Each structure stands twice: as structure tokens, then as C-alpha cells.
Amino acid sequence: MTAEAVIHGTVVSTYTRIVQIVCEEAGLLHRTVATPAHAPGNRHPFGKVPVVDLDGLELFESVSVVQYIDNAHNAGGLQPADPARRAVMDRWIAIGNNYLFPLFERGLVMPWVMHRVSGFPLDRKTIDDALPSVSRALAFCEAELQQSGGWDTSQFDLADVFLYPILRSVELTPQGEAGIGQCPALAEWLEALHQRPSIVATRWPGERET
Ligand SMILES: N[C@@H](CCC(=O)N[C@@H](CS)C(=O)NCC(=O)O)C(=O)O
């Protein structure tokens, strides 16, 4: 029987998309079952999404989910064998998950989603308060990329899989677009990935074509 990943997650979600991208890269059949994080049926013990059913396993926590998919269905093709490169990749996944995502999501992305999707007034105070930290974080990524301390942009790996949706959701806000516009290396990396088939196939509903 053909393996299929059933991804339970919100449709416009950074981490749901991260899993979808890896499925696409692995050529693995996948479908997403719309499941809000706080739905009673969500099986994640800490109320997050996604939860993934695959190969008779219940998978959650995106790092372990995408490593499993890449190892079991893609011969580890998204993870460099060289330990030093692997350490850099893992560092940037951790930076994305621990620092960038929480900062961008709370301070910039969610206020815009609540405004654009749910029709609430734009929470300008939250955005204004977060902008200095958002700018510093973008400047850090830019400086690291320019000084070759960043993730390896010469080869698509799991660092790209995590960082693309995290930074793309920033780019889709006016303040984020302006901020990334001042970061040429970051903008060039995003631009190069916009047309990658796994990225195109997993665009969020309503995400404009670039
Ligand atoms: N550590 C989790 C994080 C997942 C996560 O933060 N997902 C977001 C959606 S992109 C979520 O569930 N947000 C709902 C909430 O925090 O209440 C993972 O790696 O899978």
C-alpha cells in the first residue's frame, strides 16, 4: 500500500507547511486535515499543530516529524552527512524554532493574520513594540549569511525547510517586506526558493504568487 502522511494542522500554519514541504521533497503522498490547535480532537499533548499519522506512527514535534520522513522516505537527502555542516543546519533550525518564530509570530504575523483573516482592528501597538526586535533578528540573519556564518544556502536542507515558512510569513506583512528589503542576502535566498516546486506546491491559501 502506498504510504500517505495525514497531517492534522491548521491550513495556514508555519509548522504544518514545514511538514508539507518535506513530504513534497520526499515525493511522499500527503493530505492535510484542518485541525485547529485548540480543537478537542487535537492529539498534541501541548495543544500545538501539526500531529502526523504515517506508517502506523503518531508523530508530533516538527523536528522529529521531518527527520523521520526524510530518514524513512527520502534516504536522508535533506540532512548533510558531514557533522560540521549538520551542526550548522541544526543550529539554524533551533534558532528558527526558539527565537525567530516566537518573536515574528507574536509581534508581527499574528496581528496581521487577526486583522486580515479575522477582521479585527490591526494591533499596531504590538507591532510597534516588536519592530525593534524583529529588525535586530533580521539583521542578525543577514549578517550571518553575509559572513558565511549562516545556514548553507548552496544546498537545500532541513534548515531551509524550517526557515522558509518562518521568514516568508514575515515577508507577507508590510513591515516584514520592508525589513527584508533591507537585507539583500536574505532577500536573495527567499527569492531563489519562491519557485522551488515543494514551496510552490505548499503555498498558503491566498498567498500571492511572487
Ligand atoms: N514545537 C512545535 C511547535 C508547533 C507550533 O508552534 N505550531 C503552531 C502553529 S504554526 C501552533 O500550534 N500554534 C497554536 C498555539 O500555540 O496555540 C513543533 O515543532 O511542532
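Atoms within a ligand are numbered from 1 in the order they appear, just like the ligands themselves. Every value quoted in this text rests on a predicted model; they were computed, and no experiment measured them.
Checked against the 6.0 Å centroid threshold, W92 and F140 count as a close aromatic pair.
Contact record, L78 with D70: N-OD2, 3.0 Å, taken as the closest heavy-atom pair.
Residues satisfying the salt bridge (charged side-chain N to carboxylate O under 4.0 Å, His left out) test with E144, not counting sequence neighbours, are none.
Between R196 and E24 there is no salt bridge, since no side-chain nitrogen of the basic residue lies less than 4.0 Å from a carboxylate oxygen of the acidic one. Of the charged side-chain nitrogens involved, none lies within less than 4.0 Å of a carboxylate oxygen, so that D129 and R106 do not count as a salt-bridged pair.
Hydrophobic clustering keeps V49 apart from V161 (ILVMFWY residues linked when any side-chain heavy atoms are closer than 4.5 Å, directly or through intermediates).
The protein residues lying under 4.0 angstrom from ligand 1, judged by non-hydrogen atoms, are S13, T14, Y15, A37, H38, K48, V49, E61, S62, F101.
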